[in-house]
Undergrad: 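Can you read through this structure? Questions will come right after.
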Amino acid sequence: MGLHFFLIQNRQGKTRLAKWWDAHEDGDKNRIKGEVHRLVAGRDTRHQSNFVAYGALRVVYRRYAGLYFCACVDKEDNPLAWLENIHLFVEVLDGFFGNVCELDLVFNFYKVYAILDECFLAGEVQETNRRTIQTRIAELDKLD
């Protein structure tokens with residue numbers, strides 16, 4: 001399995017989106033969220049990479065404005081490919097919301113989860129074509 005969980009957190013550590021593909025107890029989820037935030041928030045972005053070891057896994061993250069987009073993947077997976085997938089997800093969010101911000105994630109969380117499900121399914125990459133994802137999301141949005 002490639003993707004174990006995907007988190008979007010702000011600089012203060014508040015989780016704005018959490019998608020889990022592994023089973024965890026609620027207490028473990030909260031602990032993991034805190035540990036991941038402490039791992040990524042304290043890193044020097046100029047002199048350190050966007051990959052950090054997390055137990056037997058690896059956290060690949062990217063910071064956009066005040067939000068950290070974190071993907072926890074297997075150590076054997078290509079971290080550069082996951083960075084590209086995170087960027088694709090953010091591009092789709094930007095295309096849908098028009099310059100996405102934290103409030104878009106808070107007030108339209110169900111749409112953000114739908115977009116995430118169009119990109120990643122069962123912990124694997126489902127689609128890598130931005131236009132295809134945007135077309136599917138536009139069709140889903142018409143149903144509202």
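Scope of the values below: all heavy atoms of this structure, side chains included, with no hydrogens, waters or symmetry mates. Positions are given from 1, in the same order as the sequence printed here.
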Undergrad: Are the side chain of Gln9 and the backbone N or O of Leu67 linked by a donor-acceptor pair below 3.5 Å?
TA: no
Undergrad: Is Asn50 reaching over with its side chain to a backbone N or O of Val60, donor-acceptor style, under 3.5 angstrom?
TA: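 No, because the side chain of Asn50 does not come within donor-acceptor range (under 3.5 Å) of the backbone of Val60.
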Undergrad: At their closest point, which heavy atom of Ala53 faces which heavy atom of Leu39, and how far apart are they?
TA: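 That closest heavy-atom pairing would be O-CD1, 4.1 Å.
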Undergrad: For the CD atom on Gln48, are there more than 12 heavy atoms of other groups (residues, nucleotides or ligands in this structure) within a distance under 6.0 Å?
TA: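 More than 12 within 6.0 Å, yes.
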Undergrad: Using atom types as modelled and distance alone, determine if a side-chain donor or acceptor of Asn10 lies under 3.5 Å from a backbone N or O of Gly13.
TA: yes
Undergrad: Which atom pair, heavy atoms only, marks the closest approach of Lys75 to Leu57?
TA: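 Heavy atoms of Lys75 and Leu57 come nearest at CE-O, 3.2 Å.
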Undergrad: Would you say the side-chain atoms of Asn30 pair up with the backbone N or O of Gly27, donor to acceptor, closer than 3.5 Å?
TA: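 No; judged by distance alone, with no hydrogens or angles, the pair does not exist.
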Undergrad: Salt bridge or not for Glu139 and Arg136, using N-O below 4.0 Å?
TA: no
Undergrad: With under 30° as parallel and over 60° as perpendicular, where do the rings of Tyr68 and His37 fit, or are they tilted in between?
TA: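 Perpendicular, since the angle between the ring planes exceeds 60°.
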Undergrad: Please work out which of the three classes, parallel, tilted or perpendicular, describes the rings of Phe5 and Trp20, given edges at 30° and 60°.
TA: tilted
Undergrad: Would you say the side-chain atoms of Arg62 pair up with the backbone N or O of Tyr64, donor to acceptor, closer than 3.5 Å?
TA: no
Undergrad: Could you check whether any side-chain N or O of Tyr61 sits under 3.5 Å from a backbone N or O of Leu83, counting only pairs where one atom can act as donor and the other as acceptor?
TA: no
Undergrad: NZ of Lys14: more than 12 outside heavy atoms within 6.0 angstrom?
TA: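 Atom NZ in Lys14 is not crowded, with 12 or fewer foreign heavy atoms closer than 6.0 Å.
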Undergrad: Okay, side chain of Glu124, backbone of Gly2: is any donor-acceptor separation there less than 3.5 Å?
TA: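 Judged by distance alone, yes, a pair lies under 3.5 Å.
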Undergrad: Backbone N or O of Phe51 within a donor-acceptor pair of the Ser49 side chain at under 3.5 Å?
TA: yes
Undergrad: Please determine whether a side-chain nitrogen of the Lys or Arg among Asp141 and Lys111 lies less than 4.0 Å from a carboxylate oxygen of the Asp or Glu.
TA: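 Salt bridge between Asp141 and Lys111, a charged N being under 4.0 Å from a carboxylate O: yes.
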Undergrad: Would you call Arg31 and Glu35 a salt bridge, taking side-chain N to carboxylate O under 4.0 Å as the test?
TA: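 Answer for the salt bridge query: yes.
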